[in-house]
There are 2 protein chains.
Amino acid sequence: MLHVAEAARVSVATVSAYINGTTTVSQELSGRIEQAIREIGYKRNAIARSLKLGTTRTIGLTVPHITNPFFTDVVSVIQQAFDRAGYAVMLCCTDEDLNNQDEQIRLLLDRMVDGLIIARVGDGAYLKETVERANVPVVLVDREVDGVDSDRVVLDNHQAVFEAITYLLELGHRRIGYITGAFNITPMRDRMTGYHEALLNAGVAFDQSLVRSGDLHEADGYTAAMQLLSLHDRPTAIFSANNPMVVGAMKAIRDLGLSCPEDVSVICFDDFPWADVFNPQLTTIAQPVQAIGEQTASLLLDRLNGNREAPSRRLVLKGRLMVRNSCRPVQALTSVPTVVAASST
Amino acid sequence: MLHVAEAARVSVATVSAYINGTTTVSQELSGRIEQAIREIGYKRNAIARSLKLGTTRTIGLTVPHITNPFFTDVVSVIQQAFDRAGYAVMLCCTDEDLNNQDEQIRLLLDRMVDGLIIARVGDGAYLKETVERANVPVVLVDREVDGVDSDRVVLDNHQAVFEAITYLLELGHRRIGYITGAFNITPMRDRMTGYHEALLNAGVAFDQSLVRSGDLHEADGYTAAMQLLSLHDRPTAIFSANNPMVVGAMKAIRDLGLSCPEDVSVICFDDFPWADVFNPQLTTIAQPVQAIGEQTASLLLDRLNGNREAPSRRLVLKGRLMVRNSCRPVQALTSVPTVVAASST
DNA sequence: TTGTATGCGTTATCAC
DNA sequence: GTGATAACGCATACAA
């Protein structure tokens, strides 16, 4: 900018005023400045500007895994929204690791992001403190943090799973395997209560041996399904609490020489684009990813636009059961053989 | 930092020296500083630091679509690599729009990113200029830019498609529908030449009516497949140049009451995690996404670590044909009826 | 070992 | 309408 000012034979203050339209500057000087800018190829330094203004027009976004289609979609929508609003977004993936998360949030805060969107990981103790001390607005998405009362948008996980399990029960299933992630994140807890209530509602006893917990990855789903399907009295249906794990579960079904839906019905959380073009066409619980992303962005944008003091808002969206053909009435099942050995990949 | 200095009754210079380990500072003062930092909850302001140092330890990453599994994976790997190296990454999605891309790159450069990774979009004219004027290292991934000789990592697209089409030809297919994106990006051009050469090599005449071009989205694949399969002498196999378009193509096949591989063989570019658990299990060309991401990151990191003058490097990786069960010998096909009308979604 | 002074590129406040 | 100048928070050269 100094160079521009010199080339245009004006002061830096005038250049700044011209660029930002702060004050009206004469035709004369405007022309000289404009020309100097072009000749020099001057670009305003956003870092210096940020330092002075105290705002970076950048937000931080941290999610567990970007390869999980649910987060891919949410990130995509959020990214677009902030792009439109003239904000840049710094993306971090915690890989379900608590230490990564702490580190990344610190990094983001150091860089003076104007706001934070967090799909958290692990237990909430440290995060609670971080969120409360951060002097920037933060909105939580998908996963809440105990005791933290910030803006957030979540799904009605309980209801969604209740519906899904009820659907399975109506098809006559009584032994429904349940593959979940650890209960230290709210969605997993809430989904589990949906399972419980659906069983209770149908008068079906809860069987702890039908519940397997993993770390949300494909491999965990594989292991869990292997164990479930190797049970003496194996389940006739399996529910998976997320997409990566259901892929693992399907592989387990395949490797055991079983098939879906002939031998076992499958239903899972999170929809994906090709769910209805490949077979079995999975019955899923679709989250309104577009709305989730947009609402999340809009909550943060609202704070960024100055609405700092409004009481925190909690948006709860509804999931939708996408019935396809991966579930069958239990009487239609191929007779249920006991799986003897499960030696495979 | 000023507050810390005051609380510890030292100068800001000493605090800075202590934090960065620039000079050794006495036990005495170290203790006071340490305590002051904790009490105040001081965090170093990376923006001010960046302004002074001229480096942000942030890189910019721009891709067409994060929801395309190929880019999802590449972004994920790159993100991890820079995370490990202590860099933040700003993510932009151009949505295959040239204006977005220009704007976003400008935005990134204004923010003084230390480097740029670009999977470009549209024609290369403006981008060429941008890349050449940017005084930060840039590495191109997946798509090259005509006349720009920067670091880049690409796939041997020609070879990969040559193999895939040859595979189809060996199965007896002679009419192979080809769904592509516009030829203003290098991969689409190179893939097309692979198609050409494979046909030539097998002595099969090239038929322009079997080639349909779209904008890389699912809807384009749908339209293209609809047209191809409505041809009087319809193709017995279809190749799709990316993943979103093959999803559309599969939907078209379904909507026409056809099925794969019984009526039409399908093969596509880019692999995805559940390719081998759902049916038909798609035969795909798998890009080494892990390697692509790592090499890309490592090229940029190398520049960032000071190796600025080395001649530009062009890394070419190989694709791998993942043969599954979406392709059949042509004599095994169900008799080929002429599709009369194609009125659907 | 520690402190003083200066500058990184902006914007804002004030004189003129 | 225009131009000095201070300040944003930090790092560094140099003095002490």
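Lettering of chains follows the sequences in order, A, B, ..., and the numbering in each one begins at 1.
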Quiz item: Between D:dC10 and B:S16, is there an OP1 or OP2 to side-chain N/O distance shorter than 4.0 Å?
Solution: no
Quiz item: Reading DNA chain C 5' to 3', which nucleotide is the first, and which the last, to come under 4.0 Å of any heavy atom in chain A?
Solution: C:dG9 to C:dA12
Quiz item: Listed in order of residue number, which residues of residues 24-42 of chain A have a non-hydrogen atom at under 4.0 Å from DNA chain C?
Solution: A:Y42
Exercise. For residues B:L216 and B:N242, report the shortest heavy-atom separation together with the two atoms involved.
Key: O-ND2, 3.1 Å
Quiz item: Cut-off 3.5 Å, side chains only: do B:D95 and B:N100 have a donor facing an acceptor?
Solution: no
Quiz item: Does any donor atom in the side chain of B:R44 or B:N20 lie under 3.5 Å from an acceptor atom in the other side chain?
Solution: yes
Practice problem: With heavy atoms under 4.0 Å as the rule, sort B:V12 into base, sugar-phosphate or nothing. | Solution: nothing
Exercise. Could you tell me which non-hydrogen atom of A:N135 sits nearest to which non-hydrogen atom of A:R308, and how far apart they are?
Key: O-NH2, 3.8 Å
Quiz item: Which part of the nucleic acid does A:L2 contact within heavy-atom distance under 4.0 Å: base, sugar-phosphate only, or nothing?
Solution: nothing
Exercise. Apply salt bridge (Lys or Arg N to Asp or Glu O under 4.0 Å) to B:D114 and B:R303, showing your working.
Key: CA-CA 10 Å; B:D114 290 342; B:R303 298 293 183 188; over 6 Å; no
Quiz item: If you measure only the distance, is there a donor-acceptor pair under 3.5 Å linking the side chains of A:D149 and A:S312?
Solution: yes
Practice problem: Can you tell me the distance, in whole Å, between the CG atom of A:N45 and the C1' atom of D:dC8? | Solution: 13 Å
Quiz item: Checking all strands, does A:L51 fall into the base, sugar-phosphate, or nothing category for heavy-atom contacts under 4.0 angstrom?
Solution: base
Quiz item: Just how far, in rounded Å, is P of D:dG9 from CG of A:D110?
Solution: 14 Å
Quiz prompt | Quiz item: cation-pi between B:R57 and B:Y87, 6.0 Å / 45° | solution = yes
Quiz item: B:L53 CG to D:dA13 P: how many Å, rounded?
Solution: 11 Å
Quiz item: Could you state the CE-C1' distance from A:M1 to D:dT5, rounded to the nearest angstrom?
Solution: 13 Å
